[in-house]
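What follows is a set of notes on a single structure, which appears directly below.
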Amino acid sequence: MRERPECGWREATERALYGPGGFYRRPEGPAGHFRTSVHASPLFAAAVARLLCRVDVALGRPEGLDFVDLGAGHGELIEGVLAALPGEVAARTRAYAVEVTDRPEGLDGRIAWRDEVPEQVTGLLFANEWLDNVPVDVAGTDRAGVPRLVLVAPDGTERLGEPVTGAEAAWLARWWPLAAEGGLRAEIGLPRDRAWAAAVGRMERGLAVAVDYTHTLATRPPYGTLTGFRAGRETAPVPDGTCDITAHVALDACAAAGSAHGTPRLLTQREALRALDVTGARPPLTLATTDPAAYVRALAGAGAAAELTAPGGLGDFGWLLQPAGLPEPPL
């Protein structure tokens, strides 16, 4: 990518991920660089399909049931969900994959490929690891403890710029207050709040779900979480288009931003998937005697479920459930 002067992390990340030649426009896609719950096991797509069925029931089984996969990658999740749905539900489902890249070759013809959420959604909107790639600016405190915008050069070199002001300063004060000491950092999550509120605003009736790395007001890390990923390994974040650039999401702030549409609920992935019948329980040993092949299959499924719900791993992801036109999330 052509050398450019330093700028804030939000502008640099936007260009590095989504600009010409950017990371998310590379042919291998995200799956070539990091492992998500979608890639870990088909059990994840099956659980999302069960959630869609519960939303369907809560909506009274409408003639048209929408499933929107926001940040669809190469369509792995949405194809898995369609494959796992009962035939009657699949026949009524209108499937939308929302992604900035071109439609992958060979994608299921039932899936509409779009660059934005449909204007009116009745059903389930599911954003798996989408918000963490909504670019944000980074603030750092100077020696006097004043939060300043962190500027970054194309090679990843940083320096402190002007003090953070306006809506960004108000967001920091409310959602990520920094102590009056030097060397602290925070990611300013305001663009994510706005992006989530805009997505939820497209919900006519149903449920919107965001799944992501997260922290809460009581557990904000003092030095931020901005990092990079390349070829399956964590690396320094360099905004040159060769690596993913990501930061954990303040899902509690996003929840507040979308709360006008209904009362949000925050869960861990472990809690959410267990409520969707993904438990990781080992099959009974007696099955090994009566049906060895079934025992092996059940044991493999238990291992995959354990990975999806593991403490310290995928099980610690946050799930933000935002109902629209429903009294509560059908979970």
Side-chain angles (χ1 to χ4, degrees), residues 6-17 23 33-34 36 129-193 195-196 210-230 232-240 242-256 266 268-269 311-318 320:
E6 60 189 9
C7 60
W9 268 107
R10 182 183 181 191
E11 179 183 340
T13 301
E14 182 75 35
R15 186 168 60 239
L17 296 185
F23 178 81
H33 292 270
F34 50 86
T36 71
E129 295 194 48
W130 171 66
L131 282 170
D132 70 304
N133 284 124
V134 173
V136 293
D137 276 318
V138 177
T141 54
D142 60 19
R143 293 180 180 178
V146 176
R148 293 178 176 271
L149 187 68
V150 175
L151 303 178
V152 60
D155 64 359
T157 304
E158 295 179 335
R159 73 173 179 87
L160 295 181
E162 295 298 314
V164 179
T165 60
E168 289 75 15
W171 189 93
L172 280 179
R174 170 65 181 88
W175 292 109
W176 199 326
L178 294 168
E181 58 182 88
L184 303 180
R185 287 169 67 101
E187 290 99 33
I188 306 173
L190 184 60
R192 292 170 173 175
D193 294 359
W196 180 245
V211 181
D212 238 308
Y213 297 96
T214 186
H215 42 60
T216 61
L217 184 60
T219 61
R220 303 280 190 243
Y223 306 109
T225 62
L226 188 75
T227 191
F229 284 93
R230 182 188 296 114
R233 295 178 179 272
E234 190 169 7
T235 185
V238 178
D240 61 0
T242 65
C243 68
D244 185 29
I245 298 172
T246 181
H248 292 197
V249 181
L251 277 181
D252 49 354
C254 294
L266 286 168
T268 65
Q269 176 156 297
L314 295 175
D316 289 344
F317 270 55
L320 166 56

Quick check against the 3.5 Å criterion: does [X] have a side-chain atom that pairs as donor or acceptor with the backbone of [Y]?
| X | Y | result |
| --- | --- | --- |
| Asp137 | Arg10 | yes |
| Arg192 | Ala250 | no |
| Asp142 | Ala144 | yes |
| Asp212 | Asp132 | yes |
| Asn133 | Thr246 | no |
| Asp244 | Arg230 | no |

What closest approach, in Å, do [X] and [Y] show between heavy atoms, and which atom pair accounts for it?
| X | Y | answer |
| --- | --- | --- |
| Trp196 | Cys254 | CD1-O, 3.3 Å |
| Gly161 | Leu151 | CA-CD1, 4.0 Å |
| Pro191 | Val136 | CD-CG1, 4.2 Å |
| Leu226 | Ile245 | CD1-CG2, 3.8 Å |
| Cys243 | Phe23 | C-CD1, 3.4 Å |
| Val150 | Ala139 | CG2-C, 3.8 Å |

Taking the side chain as everything from C-beta on, heavy atoms only, tell me whether [X] gets closer than 4.5 Å to [Y].
| X | Y | result |
| --- | --- | --- |
| Thr235 | Phe229 | no |
| Val152 | Thr157 | no |
| Glu181 | Leu184 | yes |
| Arg148 | Thr141 | no |
| Pro135 | Arg15 | no |
| Leu149 | Leu160 | no |
| Pro154 | Val238 | no |

Subject >> For Thr225, the option from Glu187, Arg220, His215 that meets side chain to side chain donor-acceptor pair (under 3.5 Å) >> reply: Glu187

Original post:
Parallel, tilted or perpendicular: which describes the rings of Trp176 and Trp171, with under 30° parallel and over 60° perpendicular?
Top reply: tilted

**OP:** Give me the one residue out of Leu266, Thr219, Leu251, Leu320 that meets side-chain contact (heavy atoms from CB on, under 4.5 Å) with Thr214.
**Re:** Leu251

Original post:
What's the verdict on side chain to side chain contact (heavy atoms under 4.5 Å, CB included) for Glu6 and Glu11, showing C-alpha distance, side-chain angles and the deciding distance?
Top reply: CA-CA 10 Å; Glu6 60 189 9; Glu11 179 183 340; over 6 Å; no

**OP:** Scan side-chain atoms only and decide if Thr268 and Asp316 contain a donor-acceptor pair under the 3.5 Å cut-off.
**Re:** no

**OP:** Decide whether Thr242 and Asp240 meet the rule of one side-chain donor and one side-chain acceptor closer than 3.5 Å.
**Re:** yes

**OP:** Evaluate the side chain to side chain contact (heavy atoms under 4.5 Å, CB included) criterion for residues Glu129 and Val211: first the C-alpha distance (whole Å), next the side-chain angles of each, then the deciding distance (0.1 Å), finally the verdict.
**Re:** CA-CA 6 Å; Glu129 295 194 48; Val211 181; 5.7 Å; no

